[in-house]
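Structure record follows, encoded as structure tokens.
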Amino acid sequence: MDQRKRVLSAIQPTGDMHYGNYFGAVKNWVDLQEHYECVYGVVNYHAMTMPFTPKKLVENTWELIFNLIAVGVKPDNLFIQSLVPEHAELCWIFNCFCSYGQLSRMTQFKDKARQSEESSEGFISAGLFDYPVLQAADILIYRADYVPVGDDQDQHIELTRDIALRYNAQVGKTYFVLPEGLYTEATRVMSTADPTRKMSKSAGEKHYINVFSDPDRIRKQIRSAVTDTGDTPSGEMSPGVSNLFTLLRAAGRLPEYDALMDHYVTGSLKYVDLKEAVAEGLVSLSEQFRARKAETVANKKDVKEQVKASSAHIRQRAQETIREVKELAGLLNVKF
Ligand code: AMP
Ligand code: TRP
């Protein structure tokens with residue numbers, strides 16, 4: 001049996017992958033593959049909680065698979081959530097181990113409920129409310145030790161731990177280990193157009209940098225990044241400048257980071273130099289990603305088959321857990 005610690009993470013197929021996702025979470029997914037047993041999901045059931053169309057959902061699912069492979073995730077570690085329907089079954093069981101009150105306090109729910117209300121005639125699905133319970137099922141069904149995510153997912157991980165504790169108490173056995181979040185240095189990348197809000201797709205195109213962008217677009221976005229708006233208290237680094245330094249460091253440009261930070265400290269930093277360094281760091285990463293994406297897409301038929309096979313393989317672990325969970329909870333079971 002594999003004795004390595006287990007890592008689980010997931011991302012929704014809802015469009016482009018940006019540098020907030022990459023530096024905040026997905027880069028960690030790639031690095032962790034060296035030392036842990038890793039399972040990474042494309043969570044299409046979660047993507048149905050906001051307004052969607054079936055055509056876009058299936059397109060985005062494959063697109064995200066190609067994107068993840070292009071940035072370095074191994075196809076054998078990937079699964080598509082709807083190919084492992086046990087997640088939904090475990091979600092139901094966990095619904096009964098989670099309080100309505102706690103779900104009502106989830107900030108992601110409150111934010112998305114507001115967005116959903118604005119964009120779709122006031123329709124807020126019960127799925128959106130229940131989303132964190134499905135996320136807990138994603139994590140616990142693989143008995144994961146670690147969950148690499150951005151820090152906006154803290155609250156969901158805490159809820160997952162609470163569900164695990166309540167389940168364990170109810171069945172009288174320490175069945176689930178309590179998972180922990182794993183964070184990168186860049187736990188929160190901000191929008192370059194408005195560094196007071198986080199980089200995200202939902203805020204619109206100018207608020208995120210697609211990891212597969214062409215060099216011109218990246219340079220343009222970084223050139224127009226907000227630096228100093230004059231309202232930062234003296235002696236403090238402004239959010240825009242701080243975010244550019246975060247990006248530079250995350251892009252692995254450490255010598256430039258140190259040199260430019262020295263300039264900042266001595267008051268001789270020129271923002272154009274900082275922007276230039278950040279743009280070149282991102283351009284060179286994006287060029288590698290674009291090349292790998294082209295290769296992946298050129299083999300897309302094989303890639304799809306491979307990910308269907310890895311999903312079936314990963315499903316076996318989920319089936320083992322669900323069988324034990326039902327047995328412990330007093331639910332009649334089928335034999336797989
Ligand atoms: P999302 O795009 O919101 O579905 O997020 C996918 C993953 O990327 C999650 O682990 C998030 O925590 C992470 N993430 C999203 N936006 C950012 C950001 N601006 N900075 C850091 N991490 C992020
Ligand atoms: N809620 C996560 C996000 O918004 C996505 C997600 C779903 C997830 N299931 C998960 C992340 C399980 C980690 C583990 O990014």
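Keep in mind that what you see is a predicted model, and the values were worked out from it rather than measured. Just so you know, ligand 1 is whichever comes first in the structure, and atom 1 is the first atom listed for that ligand. Worth knowing before you read on, the calculation uses all heavy atoms, side chains too, and leaves out hydrogens, waters and symmetry mates.
For the pair Lys293 and Phe212, the cation-pi criterion (under 6.0 Å, within 45° of the ring axis) is fulfilled.
Residue pairs meeting the salt bridge (Lys or Arg N to Asp or Glu O under 4.0 Å) criterion with at least one member in residues 196-209, sequence neighbours excluded, are Asp152-Lys198.
Two rings, from Tyr146 and Tyr36, have their centers less than 6.0 Å apart.
Each of Ile11, His18, Gly20, Asn21, Gly24, Ala25, Val149, Gly150, Asp152, Gln153, Thr187, Arg188, Val189, Lys198, Met199, Lys201 has a non-hydrogen atom positioned under 4.0 Å from some atom of ligand 1.
By the 4.0 Å N-to-carboxylate-O rule, Glu295 lies too far from Arg292 to be salt-bridged with it. Taking a cutoff of 4.0 Å between a charged side-chain nitrogen and a carboxylate oxygen, Glu320 and Arg323 do not qualify as a salt bridge.
Between atom CG of residue Asp216 and atom CD of residue Gln221 there is a gap of 11.5 Å, rounded to the nearest 0.5 Å.
Those atoms of ligand 2 that come under 4.0 Å of a heavy atom in Tyr131, given as number and element, are 1 (N), 2 (C), 3 (C), 4 (O), 5 (C).
Residue contacts with ligand 2: Gln81 is excluded, as none of its non-hydrogen atoms falls under 4.0 Å.
Considering only non-hydrogen atoms, atom 15 (O) of ligand 2 lies nearest to Gln153 out of Gln135, His87, Gln153.
Asp138 OD2, 2.6 Å is the protein heavy atom nearest to atom 9 (N) of ligand 2.
Of the heavy atoms in Val147, only side-chain atoms (C-beta onward) come closer than 4.0 Å to ligand 2.
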